[in-house]
> 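Here's a structure for you.
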Amino acid sequence: MREDLDPKDWEIKTDNLGPEYVLQVYAPKLNFRGFLVIDNLNLGVGKGGIRMTPSVTAYEVFRLARAMTFKNALAGLPFGGAKAGIAADPQKMSSEEKKAVIQSFSRMLKPFVPRYYIAGPDVNTGERDMQWFSEANGSWKAATGKPANYCMLVTGHKGEKCGLPHEFGSTGCGVAEAAGLAAEFHGIDIKNATVVIAGFGNVGTFAFKYLSEMGAKVVAVSDARGAVYDKNGLDYDELIKAKEEKGSVAEFKGGARMDRDSIYELDVQILIPAATTDVINEKNVDRVKARIIVEGANIPMREEYEKLLSKRGALIVPDIIANAGGVISSYAEYRGYNPKRMFDTVRERIRKNVRAILTISKRRGIPAREVAMEIALERLHKSKNRSRK
């Protein structure tokens, strides 16, 4: 183990679910560390995205892999739980440098991919990265979320398509569907409901788009450089334009600029944390006022804070059901679905799962995560028992 690794990188405890494999790799010439955690294979090959941030650790990847174990089980997918991470800063790389890192990581994981793990997009990785990953592995099955024309690029057959990039907006679509149902359960009309979206990447932008189409009023959004607020609602098209032209929503002139972290404290009906992990924590949990929290990001807060907010009356739709649209899209690509069928599948499964879990949660008077965990664990243990017979 390298001496400069933080000890928390190794705080991974095993239990009856896993993890089955924990792999760390290091590329000295390219100066990056990489992690792969395959948590559980009871339901099938491990599935989860690759995130690329300077601070990602093995422990963070393990937490995300465990969330994928439950998420895939709840979505009824033939996938186990896994996740990967690359500790590097993509903002300081050229396109060629990033390609070299992605492909180096792919080659180091080849003994596990695609037999035990199938990659996908996550924070700071997208369709182009999945193409590079698959090319370095030598199998198109190595990753999902590839460009829509990937088959045409590989085979040369004109018009042949097999990729369903997350840039189509599958995760954000699912988050919006989950928010609409949660509002219904909480007695809130989604039309003109006030919404805050923390994080304006792939998930946040499409959640905004689909919620706007439902009639919701998105009053604040944030990204890494700041936040913007307008009590009368922000204009989606103008905000996207400002983000593309000026690099941040904070530069949008159609609203008031505000501190990025203050966005979690706004008094609104629906809060969607769609950025990174642990954004709601011991520092701000007591100031969160939203009636509904729909977890667009993976692990935006620890379970102890979910329980605290639930006791205060907030309805929380946990990440393992709310943001499953991305992995459902991965399954659709795995099965060869076209985009329309993919979106239909995302909407159908998200609505079915959220409705069922919130109904049980309301009837039993317990948080939605407890219900979701009970269902996921039952499916995982049944699958394990069947595999032993």
> For Thr276 and Arg51, does a side-chain donor sit closer than 3.5 Å to a side-chain acceptor?
no
> Is the closest side-chain heavy-atom distance between Phe70 and Leu17 below 4.5 Å?
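Yes, their side chains come closer than 4.5 Å.
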> Set out, in order, the CA-CA distance, both residues' side-chain angles and the distance that settles salt bridge (Lys or Arg N to Asp or Glu O under 4.0 Å) for Glu184 and Arg355, then state yes or no.
CA-CA 10 Å; Glu184 179 185 319; Arg355 188 181 298 279; 3.5 Å; yes
> side-chain hydrogen bond (donor to acceptor under 3.5 Å, both in side chains) with Lys209: which residues, sequence neighbours excluded?
Glu213
> Is there a donor-acceptor pair closer than 3.5 Å between any side-chain N or O of Asn192 and the backbone N or O of Ala216?
no
> Does the ring-ring contact (aromatic ring centres under 6.0 Å, His included) test come out yes or no for Phe79 and Tyr334, once each step is laid out?
CA-CA 11 Å; Phe79 291 142; Tyr334 191 71; 5.3 Å; yes
> Do Val228 and Leu271 sit in one hydrophobic cluster, given that two such residues count as connected whenever their side-chain heavy atoms are within less than 4.5 Å of each other, even indirectly?
no
> Can you name the closest pair of heavy atoms from Pro273 and Ile293 and give their distance?
CD-CG2, 3.8 Å
> Could you report the tightest heavy-atom contact between Ile320 and Ala67, atom names first, then the distance?
CG2-O, 3.5 Å
> Check whether any side-chain N or O of Glu20 sits under 3.5 Å from a backbone N or O of Ile38 as a donor-acceptor pair, and report yes or no.
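Not at all, since once roles are kept as given, no pair shorter than 3.5 Å links the two residues.
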> Quick check against the 3.5 Å criterion: does Thr171 have a side-chain atom that pairs as donor or acceptor with the backbone of Gly326?
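Checked: pair present.
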> Which pair of heavy atoms, one from Ile270 and one from Ala193, lies closest together, and at what distance?
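Ile270 and Ala193 have their closest heavy atoms at CD1-CB, 4.4 Å.
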> Which pairs count as side-chain hydrogen bond (donor to acceptor under 3.5 Å, both in side chains) when at least one residue sits in residues 224-244, sequence neighbours excluded?
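Checked against side-chain hydrogen bond (donor to acceptor under 3.5 Å, both in side chains) - neighbours excluded - the pairs reaching residues 224-244 are Asp223-Lys243.
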> Any luck finding a side-chain donor-acceptor pair between Asp261 and Asn284 under 3.5 Å?
no
> Just verifying a value: how many Å separate Lys13 NZ and Arg66 CZ, rounded to the nearest 0.5 Å?
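One finds 12.5 Å between NZ of Lys13 and CZ of Arg66.
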> Tell me whether Asp278 contacts the main-chain N or O of Pro300 through its side chain, where contact means a donor paired with an acceptor under 3.5 Å.
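Pair absent, no side-chain N/O of Asp278 close to backbone of Pro300.
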> Evaluate the salt bridge (Lys or Arg N to Asp or Glu O under 4.0 Å) criterion for residues Glu374 and Arg364: first the C-alpha distance (whole Å), next the side-chain angles of each, then the deciding distance (0.1 Å), finally the verdict.
CA-CA 13 Å; Glu374 287 178 7; Arg364 294 175 57 188; 2.8 Å; yes
> So, applying salt bridge (Lys or Arg N to Asp or Glu O under 4.0 Å) with Asp267, which one of Arg291, Lys289, Arg287 is it?
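Only one of Arg291, Lys289, Arg287 forms a salt bridge (Lys or Arg N to Asp or Glu O under 4.0 Å) with Asp267, namely Arg291.
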> Applying side chain to side chain contact (heavy atoms under 4.5 Å, CB included), run through Ile50 and Ile86 and close with a yes or a no.
CA-CA 7 Å; Ile50 302 171; Ile86 298 173; 4.0 Å; yes
> Measure across Pro114 and Lys141 and return the closest heavy-atom pair with its distance rounded to 0.1 Å.
CB-O, 3.7 Å
> Before giving the answer on side chain to side chain contact (heavy atoms under 4.5 Å, CB included), spell out for Asn281 and Met301 the whole-Å C-alpha distance, their side-chain angles and the decisive distance to 0.1 Å.
CA-CA 6 Å; Asn281 49 53; Met301 65 179 123; over 6 Å; no
> With rounding to the nearest 0.5 Å, note down the distance linking CE in Met93 to CD1 in Ile102.
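Those atoms lie 8.0 Å apart.
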> For a quick check under 3.5 Å, do Lys47 and Thr144 share a side-chain donor-acceptor pair by atom type?
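Present: a donor and an acceptor within the cut-off.
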> Are the side chain of Asn137 and the backbone of Phe133 linked by a donor-acceptor contact shorter than 3.5 Å?
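Absent.
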> For Asp39 and Thr69, indicate whether the former's side chain and the latter's backbone hold a donor-acceptor pair under 3.5 Å.
no
> Identify the two heavy atoms, one from Phe105 and one from Phe32, that lie closest to each other, and give their separation to 0.1 Å.
N-CZ, 3.9 Å
> Do Asp122 side-chain atoms and Gly49 backbone N/O form a donor-acceptor pair below 3.5 Å?
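Side chain of Asp122 to backbone of Gly49: no pair is present.
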> Are Phe185 and Ile316 connected, step by step, through hydrophobic side chains (Ile, Leu, Val, Met, Phe, Trp, Tyr) whose heavy atoms are closer than 4.5 Å?
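Looking at the clustering, Ile316 is in a separate group from Phe185.
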> Measure across Ile190 and Ala183 and return the closest heavy-atom pair with its distance rounded to 0.1 Å.
CD1-CB, 4.1 Å
> Nearest 0.5 Å please: distance from the OG1 atom of Thr345 over to the CZ atom of Arg347.
10.5 Å
> Could you grab the distance from atom NZ of Lys83 to atom CG of Leu64, nearest 0.5 Å is fine?
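That separation rounds to 5.5 Å.
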> Determine whether Phe208 and Phe206 fall in the same hydrophobic cluster, where Ile, Leu, Val, Met, Phe, Trp and Tyr are linked whenever their side-chain heavy atoms lie under 4.5 Å apart.
yes
> How long is the gap from CD1 on Ile240 to CG on Leu234, to the nearest 0.5 Å?
11.5 Å
> Apply side chain to side chain contact (heavy atoms under 4.5 Å, CB included) to Met214 and Glu177, showing your working.
CA-CA 9 Å; Met214 294 178 187; Glu177 291 290 338; 4.2 Å; yes
> Main chain of Ala58, side chain of Gln24: is a donor-acceptor contact present, judged purely on distance under 3.5 Å?
no
> So if you build clusters from Ile, Leu, Val, Met, Phe, Trp, Tyr with side-chain heavy-atom gaps below 4.5 Å, do Val288 and Val195 land together?
no
> Please list all pairs meeting salt bridge (charged side-chain N to carboxylate O under 4.0 Å, His left out) that have one or both residues in residues 84-111, counting only residues at least two apart or in different chains.
Lys98-Asp129
> Applying salt bridge (charged side-chain N to carboxylate O under 4.0 Å, His left out) as the test, list every pair that has at least one member in residues 312-324; sequence neighbours left out.
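Every salt bridge (charged side-chain N to carboxylate O under 4.0 Å, His left out) pair that includes a residue of residues 312-324, provided the two are not neighbours, is Asp286-Arg312, Asp319-Arg369.
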> Can Val354 and Ile357 be said to form a side chain to side chain contact (heavy atoms under 4.5 Å, CB included), step by step?
CA-CA 5 Å; Val354 172; Ile357 287 167; over 6 Å; no
> Counting only heavy atoms from other residues, nucleotides and ligands, does the tally under 6.0 Å from CD of Glu251 exceed 12?
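Check passes, neighbour count above 12.
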> Verify the cluster assignment for Leu315 and Val268: are they in a single hydrophobic cluster under the rule of side-chain heavy atoms below 4.5 Å apart?
no
> Considering residues at least two apart in sequence or located in another chain, which fulfil the side-chain hydrogen bond (donor to acceptor under 3.5 Å, both in side chains) criterion with Tyr264?
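Scan of Tyr264 (side-chain hydrogen bond (donor to acceptor under 3.5 Å, both in side chains), adjacent residues dropped) gives none.
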> Phe62 and Phe35: aromatic ring centres closer than 6.0 Å?
no
> Can you see whether Tyr337 has Arg341 sitting over its ring - NZ or CZ less than 6.0 Å from the centre and within 45° of the normal?
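So Arg341 does make the cation-pi contact.
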> Return yes if a side-chain donor-acceptor contact under 3.5 Å exists between Glu127 and Gln131, otherwise no.
no
> Under the 3.5 angstrom rule, does the side chain of Arg379 hit a backbone N or O of Leu74 as a donor-acceptor pair?
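Yes.
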> Quick one: list whatever passes side-chain hydrogen bond (donor to acceptor under 3.5 Å, both in side chains) with Arg115, sequence neighbours left out.
none
> Between the side chains of Arg335 and Tyr331, is a donor N or O closer than 3.5 angstrom to an acceptor N or O?
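Their side chains do contain a donor-acceptor pair, which is all the 3.5 Å distance test asks for.
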> If the threshold is 4.0 Å, N to carboxylate O, is there a salt bridge linking Glu378 and Lys382?
yes
> Report yes if some heavy atom in the side chain of Ser134 is under 4.5 Å from a heavy atom in the side chain of Lys146; otherwise report no.
yes
> Any sub-3.5 Å donor-acceptor pair from Thr205's side-chain atoms to Gly201's backbone N or O?
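The answer is yes, because a donor-acceptor pair under 3.5 Å joins these two groups.
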> To the nearest 0.5 Å, how far apart are CG in Asn323 and CD in Glu295?
8.0 Å
